[in-house]
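For the numbers below, each heavy atom of this structure counts, side chains included, while hydrogens, waters and symmetry mates do not. Counting starts at 1 for both ligands and their atoms, following the listed order.
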Amino acid sequence: MDTPETRIHVSFALPGPAADELAASGLLVTAYTEQTGQPRESLLADAAGASGLITLLSDRVDAELLDAAGASLKVVANFAVGYDNVDVAAATERGVIVTNTPGVLDEATADLAMALLLDLSRRVSEADRFLRTGAEWRWEPDLFLGLDVSAGATLGIVGLGRIGMAVATRAAAFGMRIVATGSRASSPEAAALGVRPVSFEELLAESDAISIHCPLTPATRHLFGPAQFAAMKPGALLVNTARGPIVDELALLEALEDGRLGGAALDVFEWEPHVTPGLLTLPNVVAVPHIGSAGGATRANMGLLAVRNAVAVVGGGQALTPVG
Ligand code: NAP
């Protein structure tokens with residue numbers, strides 16, 4: 001007979017393979033089955049008495065939720081590599097293990113960062129929107145001129161971790177010069193890709209385009225604000241597939257409206273899912289709804305890793321990918 005101590009609650013509809021594996025674990029499972037994520041009050045109620053929670057990045061895992069779950073809770077398995085939505089200190093105080101999904105989404109997220117960089121630099125979405133207006137056009141030498149990425153443009157990678165390295169691999173293949181910050185910027189793997197380690201200030205000054213890949217922490221919140229936009233090359237491009245609050249979104253809007261920056265491509269937003277309306281009226285902004293890891297196989301693997309973490313800890317074993 002199942003007891004509340006062996007129950008795992010999932011706050012969303014897991015991808016099929018992960019849902020199947022969780023069902024096969026023999027544990028009692030409850031799940032909120034809408035793709036939209038579970039409303040707070042309902043999540044608080046369903047968490048009560050659970051041993052494990054599998055959560056989305058949009059779920060706030062704080063003292064209130066941990067206390068609502070109660071003393072039975074052993075693990076929070078976040079369905080994301082970023083865990084800025086989790087109060088890890090509050091979990092640790094309560095003896096709760098927190099896990100994330102590192103590694104399985106590197107390639108998919110790097111693919112999207114590169115897609116956004118190419119889109120922005122060659123004005124693909126802007127040209128597509130233009131064509132859809134039905135406006136008259138003909139081939140012209142200066143129609144939608146953009147940045148020659150492959151002619152040695154410099155890409156600045158802020159946070160050369162797992163995803164940053166995957167972006168560097170792609171950028172190197174496109175013939176870009178690469179500068180980066182973060183401890184791995186000085187590693188042999190980075191050197192093999194031609195990455196030059198620089199200070200953050202040098203990166204701002206030298207980059208034709210900057211791609212952000214650091215986590216959201218107190219130290220990186222508003223890492224990009226008015227001073228950083230002023231220090232960037234005039235006309236430089238900004239790509240953010242990390243977390244919205246790393247960029248001061250209103251300051252970004254101002255830098256774009258002033259013509260200080262050449263454009264921005266955004267997968268993430270400061271007040272997600274709200275998008276600062278002014279951004280969506282600018283031609284040199286590409287905006288997509290947080291789809292960085294949205295490959296079918298990638299999402300299945302994220303689900304499997306989250307399930308394996310939760311089942312392992314609930315069963316008294318070690319988490320595969322604990323944070324902290
Ligand atoms: P990771 O391997 O831990 O890499 C993060 C890198 O950021 C590390 O190299 C770290 O450098 C660097 N860093 C930390 N603090 C920094 C700071 N203050 N300034 C500059 N760099 C700093 O993480 P990952 O797996 O690549 O993921 C990175 C982030 O991408 C996640 O945290 C998540 O928020 C985001 N993400 C978004 C999506 C999406 O759907 N859009 C998908 C996946 C991930 P050190 O080595 O020096 O600590």
Contact region, H213 to ligand 1, non-hydrogen atoms below 4.0 Å, reads backbone

Note: T217, heavy atoms under 4.0 Å from ligand 1, region reported as neither

Do R40 and D62 sit within salt-bridge range, that is, some charged N less than 4.0 Å from a carboxylate O?
yes

Is the shortest side-chain N to carboxylate O distance from E206 to R196 below 4.0 Å?
-> yes

Contact check, S293 vs ligand 1, heavy-atom distance below 4.0 Å: yes

Would you mind checking which non-hydrogen protein atom is closest to [atom], with the distance to 0.1 Å?
| atom | result |
| --- | --- |
| atom 39 (C) of ligand 1 | H290 NE2, 3.4 Å |
| atom 22 (C) of ligand 1 | C214 CB, 3.5 Å |
| atom 12 (C) of ligand 1 | G159 CA, 3.6 Å |
| atom 31 (C) of ligand 1 | V81 CG1, 3.9 Å |
| atom 17 (C) of ligand 1 | T220 CG2, 3.6 Å |
| atom 42 (C) of ligand 1 | T109 OG1, 3.4 Å |
| atom 14 (C) of ligand 1 | P215 CD, 3.5 Å |
| atom 47 (O) of ligand 1 | S183 N, 3.0 Å |

Does ligand 1 come near enough to [X] that some N or O of the ligand is less than 3.5 Å from an N or O of the residue?
| X | answer |
| --- | --- |
| G161 | yes |
| T241 | yes |
| R162 | yes |
| D267 | yes |
| I163 | yes |
| T181 | no |

**Q.** pair K233-D208: side-chain heavy atoms closer than 4.5 Å
**A.** yes

Do H9 and Q38 pair up side chain to side chain, a donor and an acceptor below 3.5 Å, judged on atom types alone? yes

Answer yes or no: does atom CZ of R94 have more than 12 heavy-atom neighbours from other residues, nucleotides or ligands under 6.0 Å?
yes

Within 4.0 Å of some non-hydrogen atom of G292, the atoms of ligand 1 are 39 (C), 40 (O), 41 (N)

dist E270:CD -> L252:CG (nearest 0.5 Å) comes out at 10.0 Å

Verdict with supporting geometry, N78 and T99, side chain to side chain donor-acceptor pair (under 3.5 Å)
CA-CA 6 Å; N78 210 38; T99 69; over 6 Å; no

Does T298 offer a backbone N or O that forms a donor-acceptor pair with the side chain of N301 under 3.5 Å?
-> no

Under the 4.0 Å line, does any protein heavy atom show up next to atom 10 (C) of ligand 1?
-> no

